[in-house]
Every structure is written in C-alpha cells, then in structure tokens.
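Structure, as structure tokens:
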Amino acid sequence: MPQNLTVCTWNINSVRIRLDILRDAVARLQPDILCLQETKCQDDRFPLAAIRDLGFPHIALNGQKGWHGVATFSRLPFAAIEKREFCGKGDARHIAVTLGAEAGLATPFTVHNFYVPAGGDIPDPDLNPKFAHKLAFLDELIAWERLPEQARAQAHTVLVGDLNIAPLETDVWSHKQLLTVVSHTPVEVERMRRFQATGPWVDVMRHFVPPEEKLFTWWSYRSPDWTANDRGRRLDHVWTSPSLAPHARAMTVLREARSWERPSDHVPVAVTFEV
DNA sequence: ATGGTTGTCAAACAA
C-alpha cells in the first residue's frame with residue numbers, strides 16, 4: 001500500500017520562543033516528519049511535551065546551549081538515529097533519522113537534517129575564519145562517504161535543511177548584487193554543486209518551481225518591511241536521492257509564515273512523497 | 001556605501 005510522507009524543514013531560530021507559530025506551521029503543512037534548525041536549545045531543556053502534543057511522539061535531538069542545534073520530529077517510529085560531527089568543533093549541525101518496517105515502509109526512508117555554517121560577512125577565508133569554516137564544512141560534505149554505491153541506488157534518502165547557500169541566479173533577489181555576498185559567492189556555490197554531485201542529490205524544490213522563476217525561503221530581519229521589494233534568498237533546501245525524486249508529489253514554501261507574529265527569518269518548506 | 005534586526009543570555013557575538 002503506497003502512503004504519503006510529508007517532510008518539512010524550517011530554520012525556526014529558537015524553538016522555545018516560537019512554539020505558537022510552530023503549531024500554526026504544523027496545522028498548515030501537516031508534516032509527518034519535521035526537521036528544525038537553529039533550535040538554540042540544549043537537549044535537556046527541549047520542550048518535549050509541547051512537541052508530543054503537536055502529534056510527534058518520536059523526537060530526535062542534537063542540540064547545544066545558546067546557538068545552532070537541529071531536531072527532527074516524526075509521527076512514525078524511527079528505526080535508527082545518527083548524528084555526525086563536522087570540522088571537529090562539537091557543533092550540533094546534523095541529525096539523521098531512518099524510518100523502516102516499524103513505520104510501515106518496505107523501503108527504508110532516511111532524512112538528513114543539516115544546518116550549514118552561515119559563514120560570517122566577509123567572503124574571504126583568509127580574512128574571515130567563519131567563512132573558512134563554512135568552506136571546510138562543505139569540503140567534509142564532499143568527502144562524506146554516505147553509503148556504498150549499490151545501497152545508495154536503492155535507498156530512499158532526503159537531505160533537508162538550512163544550507164546557507166543560494167545556488168541559482170533565481171535563488172536570490174539580485175544575482176549581480178549578491179555575487180560578493182556570503183551565501184551566493186561563486187566559491188560557495190561551486191562547492192555546493194560538487195557536494196550535490198556526490199549523491200547525486202536532486203534539488204526537488206526546482207521540480208515544482210522551474211529554475212527560471214525566483215524562489216526564496218529567507219528574508220532578512222534587517223529590513224523594515226520584508227514584502228517591500230521581496231529581497232529574499234533560497235537558503236533552505238530539499239534534496240533527494242535519484243530513486244526518490246520521481247515520488248515527489250507536492251511542494252510548499254510557506255511564505256505567509258514570514259508575516260506571522262514574531263516570525264523566524266526563514267519560512268518552512270514541505271515536500272510530500274508517495275512511497 | 002552603509003546599516004539595518006533578532007536571539008541567546010545578560011556582554012558580546014552570531015546570523
């Protein structure tokens with residue numbers, strides 16, 4: 001029996017102060033698997049009861065005090081949870097969950113949830129250690145041996161998260177003006193493409209909104225009115241293994257969430273798969 | 001060209 005699985009990703013920028021709009025996002029998107037980034041909450045302070053009340057009994061956490069942090073919630077049970085550390089810094093920037101037979105799935109379904117370093121303001125690794133860290137993080141992703149090739153071909157895998165890079169010209173409000181702005185510089189975009197080629201990973205959001213059209217998931221807080229000239233970027237992504245891409249049925253970028261009370265600067269993105 | 005805002009945790013720092 002095929003079933004629909006909706007996977008949602010959202011950089012929530014503090015999970016504890018946004019439980020109300022988290023509830024609204026869940027009501028709108030009805031995800032089966034919800035991946036958050038920038039939870040800014042250590043694991044022993046996580047609002048587990050509130051998440052369970054939203055309909056997610058299965059919770060996988062990788063948090064730290066004050067900043068970063070990722071979390072993945074599920075309506076269906078996990079067969080496995082895995083966390084990876086990058087750049088030997090102890091940062092909480094990745095968690096993966098796998099759903100299997102316990103969740104009623106014949107083919108295991110793995111979801112990687114990433115929070116890639118933002119990279120600071122100056123796009124020069126010699127002058128800016130945060131940009132150097134971002135590039136080193138991407139180099140580790142490129143070198144990441146996920147699965148043997150044969151297993152990779154059969155597995156259903158999703159990679160979501162705030163990747164902090166807008167690769168296409170239409171992923172930013174002005175390609176020309178952002179070429180020297182961290183998130184859209186050629187050196188980052190080139191590394192992202194190399195990482196994408198290792199899967200290979202399929203940019204499934206662009207199966208629903210063609211690459212010729214602008215598509216954003218983030219609008220800066222530093223603008224008095226985010227709607228005024230739509231100066232956004234697509235920093236949040238949903239990638240799939242080639243085997244899973246044809247199973248994608250729908251995609252939503254919940255733009256309205258940017259206007260909710262006390263919003264995150266990112267909005268949720270959801271993709272529904274028939275598996 | 002510059003500065004603009006938000007969150008953590010209580011002074012800077014990160015985004």
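Computed from heavy atoms alone, side chains included, the values below leave out hydrogens, waters and symmetry copies. By convention in this document, chain letters (A, B, ...) are assigned in the order of the sequence lines, proteins followed by strands, and residues within each chain are numbered from 1.
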Next item on the list: In whole angstrom, give me the gap between the P atoms of dA1(B) and dA14(B).
Entry: 27 Å

Check: Whole-Å distance between dT6(B) C1' and Ile12(A) CD1?
Finding: 14 Å

Checklist line | Whole angstrom value for the distance that separates C1' of dT5(B) from CZ of Arg262(A) | finding: 12 Å

Under 3.5 Å donor-acceptor pairs involving side-chain atoms of residues 115-124 of chain A, not counting sequence neighbours:
unit_1, atom_1, unit_2, atom_2, d
Tyr115(A), OH, Glu38(A), OE1, 3.4
Asp124(A), OD1, Asp126(A), N, 2.8

Notebook entry, point to check: Within this structure, what is the CD-to-P distance between Gln64(A) and dT8(B), rounded to whole angstrom?
Noted result: 14 Å

Next item on the list: By nearest nucleotide on DNA chain B, pick out whichever of Asp265(A) and Val15(A) is the more 5' one.
Entry: Val15(A)

Notebook entry, point to check: Using atom C1' of each nucleotide, how far apart are dT6(B) and dA10(B) to the nearest Å?
Noted result: 16 Å

Next item on the list: On DNA chain B, check which nucleotide each of Arg16(A) and Asp162(A) is closest to and give me the residue with the more 5' one.
Entry: Arg16(A)

Margin query: Can you identify which nucleotide, out of dA15(B), dT6(B), dT8(B), has its nearest atom closest to the His68(A) side chain?
Written below: dA15(B)

Checklist line | Spacing between Glu261(A) atom CD and dG7(B) atom C1', to the nearest angstrom | finding: 17 Å

Check: Please walk me through it: do Phe216(A) and Trp226(A) pass ring pair (Phe, Tyr, Trp, His ring centres under 6.0 Å)?
Finding: CA-CA 12 Å; Phe216(A) 309 144; Trp226(A) 77 278; 9.9 Å; no

Checklist line | Any Arg18(A) side-chain nitrogen or oxygen under 4.0 Å from OP1 or OP2 of dG7(B) | finding: yes

Margin query: Is the phosphate of dT8(B) approached by Lys65(A) (side-chain N or O, under 4.0 Å from OP1 or OP2)?
Written below: no

Next item on the list: Please state how far atom CZ in Arg258(A) lies from atom C1' in dT5(B), giving the value in whole angstrom units.
Entry: 9 Å

Check: Going through the distances and angles, do Lys134(A) and Asp139(A) end up as a salt bridge (Lys or Arg N to Asp or Glu O under 4.0 Å)?
Finding: CA-CA 9 Å; Lys134(A) 185 177 197 176; Asp139(A) 285 339; over 6 Å; no

Margin query: Enumerate the side-chain hydrogen bond (donor to acceptor under 3.5 Å, both in side chains) contacts for residues 81-94 of chain A, please, sequence neighbours excluded, ordered by first and then second residue.
Written below: His68(A)-Arg93(A), Asp91(A)-Arg93(A), His94(A)-His112(A)

List, one per line, each side-chain donor-acceptor pair under 3.5 Å for residues 41-51 of chain A, sequence neighbours excluded.
unit_1, atom_1, unit_2, atom_2, d
Gln42(A), NE2, Asp44(A), OD1, 3.2
Asp43(A), OD1, Gly63(A), N, 2.8

Notebook entry, point to check: In residues 217-228 of chain A, what residues come within less than 4.0 Å of DNA chain B, judged by heavy atoms?
Noted result: Tyr221(A), Arg222(A)

Note to self: Whole angstroms only, please: what is the CD-C1' distance between Glu38(A) and dG7(B)?
What the structure shows: 9 Å

Next item on the list: Provide, to the nearest angstrom, the distance between the CG atom belonging to Asn164(A) and the P atom belonging to dA14(B).
Entry: 15 Å

Check: With sequence neighbours left out, which residue pairs that include part of residues 100-111 of chain A fulfil the side-chain hydrogen bond (donor to acceptor under 3.5 Å, both in side chains) condition?
Finding: Thr98(A)-Thr110(A)

Note to self: Without decimals, in angstroms, what is the distance between Gln37(A) CD and dG7(B) P?
What the structure shows: 17 Å

Next item on the list: State which residues pass side chain to side chain contact (heavy atoms under 4.5 Å, CB included) with Trp67(A); sequence neighbours excluded, sorted by chain then number.
Entry: Gln64(A)

